[in-house]
Structure formats: C-alpha cells, structure tokens
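Input: a single structure, listed below in structure tokens.
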Amino acid sequence: MSFSQKVLNWYKEHKRELPWRSTRDPYKIWLSEIILQQTRVVQGTPYYFKFIEAFPTVQDLAAAPEEKVLKLWQGLGYYSRARNLHATAKMVVKDFGGEFPNSYEGLKQLKGVGDYTASAIASICFDIPEPVVDGNVYRVLSRYFGVELPINSTKGTKYFKELAREVMDTKNIRDYNQGIMEFGAIQCAPKKPYCLLCPLNDGCAALNENRVKSLPVKLGKTKLKHRYFNYLVLVDANQNTLIEQRKGKGIWQNLYQFPLVETGSIADHDTMVKELQQKPYGKNLESLVLFNEEPIVHKLSHQHLHTQFWILKPSEKIKDGISWDQIGSFAVPVLIADFIRTFKI
DNA sequence: AACTCGGGGAC
DNA sequence: GTCCCAGAGTT
C-alpha cells in the first residue's frame with residue numbers, strides 16, 4: 001500500500017471532529033487556518049467559536065473596527081495575524097466582491113496567507129492538489145523518509161515541499177492534507193511516538209534506523225533577550241487611569257498598555273522618581289508605590305520581560321484618562337490582563 | 001539567511 | 001528549564 005493510502009486510512013479511523021472540518025466555506029477555513037498558525041488546536045478552538053459568533057461572514061469582519069478584532073484576539077499571541085486577518089477581510093469585501101480567491105496564487109496574495117495557508121485553503125475548499133507542509137508534515141516526512149536536511153533551512157524547505165508534492169494523493173487532496181497533519185499531531189508526535197502500533201512503521205526509515213529521536217533536524221534558535229519594563233499605573237481621585245496604544249514596530253503592535261518606562265536593568269524607587277520628572281504627571285505625586293516586590297517575568301519566544309508595576313497617585317486629576325471600569329474593553333497583552341485581574345483599586 | 005512576532009502546554 | 005504548536009513577514 002502506498003504512503004498516501006496508509007495516511008488516508010489512518011485518518012479515516014482516527015480523525016478528530018473539529019468545528020471547521022464540516023464545511024468548505026472559504027471564510028471559515030481561512031479563519032481557522034489563521035488562528036491555528038503556530039497555535040495548538042485546543043488553544044485556538046475557543047477563538048474560532050468567538051470569531052464565528054461575532055463575525056458570521058467576511059462582511060461582518062470587514063465592517064468591524066480593528067480594535068474589536070484585536071480585543072477578540074487577545075491572549076492568542078502573534079497579533080499581526082489579527083491585523084492581517086482584518087485587512088484581508090476588508091480586501092476580500094472591497095476588491096473581490098466578498099469571495100475568496102479560488103486559486104493557490106490568488107490566495108497567496110492575501111495578507112497573512114503564506115505558502116502553507118494558501119495550500120490548505122486551496123486543497124480543503126477547492127480540491128486543488130497543493131501539498132501542505134506544516135510542522136506536523138515536516139516531522140512525518142523527515143522520519144518516514146529519513147531526511148536530515150534542517151526543516152528551517154532554505155534547502156530543507158524546498159526539499160520537503162517537493163517531497164510532499166511527490167507523495168501526496170492528488171485525487172483525495174482534501175482528506176490527505178488534513179490526514180498527514182493529523183497523523184503528525186497524534187500518531188507521529190514530537191516526543192515518544194508510539195511506533196509499535198503505527199500503521200506506517202514498516203516503511204519508516206527513522207524507526208528502522210533508530211533515528212526517531214533525532215528527527216526532524218532543526219537549526220538552532222536565536223538567543224534570549226532580557227528587557228526591563230516599568231508600567232506606570234496612575235490612579236487619581238476619580239478612579240481614572242491612563243493607557244496608551246503601542247505603535248511602531250515591535251511586540252504587541254496596536255494593543256493597549258499602561259504608560260511604560262523601559263530601563264536597562266531592574267529599577268528602584270529613586271530611579272523611577274528621576275524617570276518620572278520627564279512625565280507631565282510625574283512631578284506632583286502623592287505617592288509612588290511598587291506593586292510587585294519581585295519582578296514578574298513574562299516570557300515571550302525571544303524575550304523575557306522583567307516587569308514592575310508602579311502605582312502612582314497624582315495630586316491632580318488625569319486628563320485624557322479613562323475610568324478604571326472601562327479598562328476591560330481594550331485589547332491588552334496577557335501581561336497587562338493578568339495585572340488588571342490581580343490589582344484592585 | 002537570519003530575525004521577529006505570543007502564549008501556553010507537555011515533558 | 002526545553003521544545004513545539006495546522007507560519008508569515010521583514011530585514
């Protein structure tokens with residue numbers, strides 16, 4: 001039996017019933033694929049339901065303000081996905097009459113839709129024989145065919161895409177593509193796959209050569225940066241506070257946060273007093289109190305954010321502030337959301 | 001080709 | 001602590 005036929009048989013037997021598996025609606029498939037980029041199914045699924053409920057159609061999504069899209073996306077990470085999601089919805093409505101492109105090349109031109117996602121939508125919605133190559137597929141192919149090229153190298157990326165194209169089932173591309181990803185997620189798992197009862201074990205190069213543990217090969221990660229954040233939590237006599245929107249490049253673009261002072265190391269009280277001289281509200285303070293004695297270390301992929309929250313009581317009322325109970329309506333990073341949850345005025 | 005961009009779960 | 005997740009975009 002062929003590789004692809006074994007994958008298809010396994011999939012038929014073991015596939016999970018997922019909410020986007022029962023439709024060919026390009027809007028729903030596209031939404032699910034964007035949500036699931038670098039995201040586990042269990043983490044993304046609640047967001048899929050939230051978005052479908054808030055925006056049943058691409059027109060609804062396109063008509064929404066970006067802030068509402070970001071608020072719904074809050075907690076899922078990689079927020080450029082949400083911004084691109086919204087931009088693409090607007091483009092589909094404005095330029096394409098509300099219809100998604102029905103070709104691989106057309107789909108790839110959408111913001112946030114790259115090689116993988118274009119192949120996924122094309123195959124799942126339109127039965128176009130394009131192979132998907134996600135993290136699961138890299139793992140399955142590298143093990144079964146014993147490929148040692150790094151999956152995140154230029155040569156590796158090209159090689160695996162060609163290999164995936166050679167072994168795919170063009171007649172059942174919709175099920176095959178989802179099948180090989182599901183197989184990688186459940187059977188050919190990253191750690192301790194149960195090869196003993198794997199239906200592909202006899203032809204698996206990695207298993208036969210005892211290389212399962214060392215495949216796939218991946219190039220080294222870039223190293224960690226440490227940053228020191230000091231958030232200024234203003235609370236005036238009216239229970240108003242100040243927030244601002246992150247602009248420009250970097251993390252959390254377009255999300256909200258408290259005014260931020262970034263320092264080169266952990267800041268003490270004196271340092272903050274000096275820093276505050278530069279702020280319009282920082283010169284006349286009734287009090288400046290550090291909320292968390294031990295810095296909170298918020299961990300991102302490539303950065304650790306050592307964070308202190310400073311509670312400021314200004315002598316005068318804040319202008320351009322918001323009342324504290326409005327704060328929940330803004331999209332904020334998890335770091336800020338966690339603080340808001342624990343801090344009671 | 002290397003870097004950036006989040007958060008969470010499994011181990 | 002480490003690794004990885006239905007990757008894409010920028011430099």
Side-chain angles (χ1 to χ4, degrees), chain A residues 11 15-16 18-21 29-48 70 73-85 87-88 107-121 123-124 130-140 150-158 160-161 164 174 176-186 188-193 213-214 216-225 227 246 248-255 297-305 331-338:
Chain A
Y11 183 57
K15 70 185 262 193
R16 293 168 288 182
L18 301 176
W20 46 87
R21 287 248 165 95
I29 298 300
W30 163 71
L31 175 62
S32 73
E33 292 297 345
I34 302 300
I35 287 174
L36 292 174
Q37 286 169 5
Q38 292 294 287
T39 303
R40 292 172 192 278
V41 167
V42 287
Q43 187 186 4
T45 299
Y47 286 83
Y48 176 79
L70 284 172
W73 198 271
Q74 180 179 312
L76 198 52
Y78 284 167
Y79 297 93
S80 65
R81 291 184 293 170
R83 298 189 300 269
N84 288 335
L85 185 85
T88 288
L107 287 162
K108 260 205 80 167
Q109 293 179 24
L110 304 175
K111 280 188 183 178
V113 176
D115 200 322
Y116 162 78
T117 304
S119 300
I121 300 173
S123 60
I124 294 172
E130 284 290 333
V132 292
V133 186
D134 72 335
N136 296 306
V137 176
Y138 279 123
R139 187 167 54 253
V140 173
I151 62 173
N152 55 344
S153 66
T154 305
K155 291 179 73 174
T157 304
K158 277 189 65 176
F160 280 102
K161 178 85 176 183
R174 175 181 155 86
Y176 170 78
N177 271 347
Q178 295 183 81
I180 189 171
M181 289 191 284
E182 189 86 334
F183 180 79
I186 296 184
C188 196
K191 292 170 185 173
K192 295 187 178 180
K213 244 183 119 177
S214 61
V217 175
K218 200 170 181 179
L219 262 37
K221 58 260 180 236
T222 59
K223 68 171 188 185
L224 202 61
K225 181 183 292 184
R227 302 174 70 181
R246 289 185 68 95
K249 299 176 189 299
I251 59 174
W252 302 331
Q253 201 178 354
N254 291 9
L255 273 67
V297 184
H298 188 73
K299 298 174 180 179
L300 307 180
S301 301
H302 305 304
Q303 318 182 24
H304 282 188
L305 309 176
V332 298
V334 166
L335 172 62
I336 303 295
D338 286 347

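Quick note on labels: first sequence line is chain A, next is B, and so on, each numbered from 1. These figures come from a predicted structure and were not determined experimentally.
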Heavy-atom closest pair (A/Ile251 atom, A/Arg246 atom, distance to 0.1 Å) is O-NE, 2.9 Å

Sorted by position of nearest nucleotide on DNA chain B, 5' first, the leading residue of A/Gly220 and A/Gly77 is A/Gly220

Next on the checklist: Students often get this wrong, so: under 4.0 angstrom with heavy atoms, is A/Gly250 touching a base, only sugar-phosphate, or nothing?
Outcome noted: sugar-phosphate

For A/Thr45, the side-chain contact (heavy atoms from CB on, under 4.5 Å) test, sequence neighbours excluded, returns A/Pro19, A/Trp20, A/Val41, A/Phe49

Rounded to whole Å, CG of A/Leu255 lies from P of B/dG6 at a distance of 8 Å

**Asked** Would you call A/Glu182 and A/Arg21 a salt bridge, taking side-chain N to carboxylate O under 4.0 Å as the test?
**Response** yes

Atom NE2 of A/His304 and atom P of C/dT2 are separated, to the nearest Å, by 9 Å

Which of A/Asn84, A/Ile121, A/Thr88, A/Leu85 passes side-chain contact (heavy atoms from CB on, under 4.5 Å) with A/Leu110? It is A/Thr88

Nearest-Å distance once atom C1' is located in both C/dC4 and B/dC5
15 Å

Q) Reckon A/Gly75 touches a base, only the sugar-phosphate, or nothing at all at heavy-atom distances under 4.0 Å? A) sugar-phosphate

Under a 4.0 Å heavy-atom criterion, the protein footprint on nucleotides 4-11 of chain C, written with B, S and -, is BBBBSS-S

key: Pairwise P distance, C/dG9 and B/dG8 [rounded to whole Å]   = 24 Å

Nearest heavy-atom approach of A/Val140 to A/Cys188 is CG2-CB, 4.0 Å

key: Rounded C1' spacing from B/dG6 to C/dC3 in Å   = 15 Å

Separation of C/dC3 atom P from A/His302 atom NE2, nearest Å, is 13 Å

Quick one about A/Glu33 and A/Tyr116 (side-chain donor to acceptor, distance below 3.5 Å, no hydrogens or angles considered), yes or no? yes

- Query: Is any side-chain nitrogen or oxygen of A/Trp252 closer than 4.0 Å to OP1 or OP2 of B/dT4?
  - Reply: no

To the nearest angstrom, the CD1-P distance between A/Ile34 and B/dG6 comes to 16 Å

In whole angstroms, the gap separating P of C/dT2 from NZ of A/Lys299 amounts to 9 Å

Requested in this report: For B/dC11 and C/dA6, measure between their P atoms and round to the nearest Å.
Outcome: 14 Å

Atom NE2 of A/His298 and atom C1' of B/dC5 are separated, to the nearest Å, by 12 Å

> Using a cut-off of 4.0 Å on non-hydrogen atoms, how would the nucleic acid contact of A/Gln303 be classed: base, sugar-phosphate, or nothing?
Replying inline: sugar-phosphate

message: If you count every heavy atom of other residues, nucleotides or ligands that lies below 6.0 Å from A/Lys15 atom NZ, does the total exceed 12?
response: yes

A/Ile251 CD1 to B/dC3 C1', in whole Å, measures 15 Å

Atom CG of A/Leu70 and atom P of B/dG7 are separated, to the nearest Å, by 12 Å

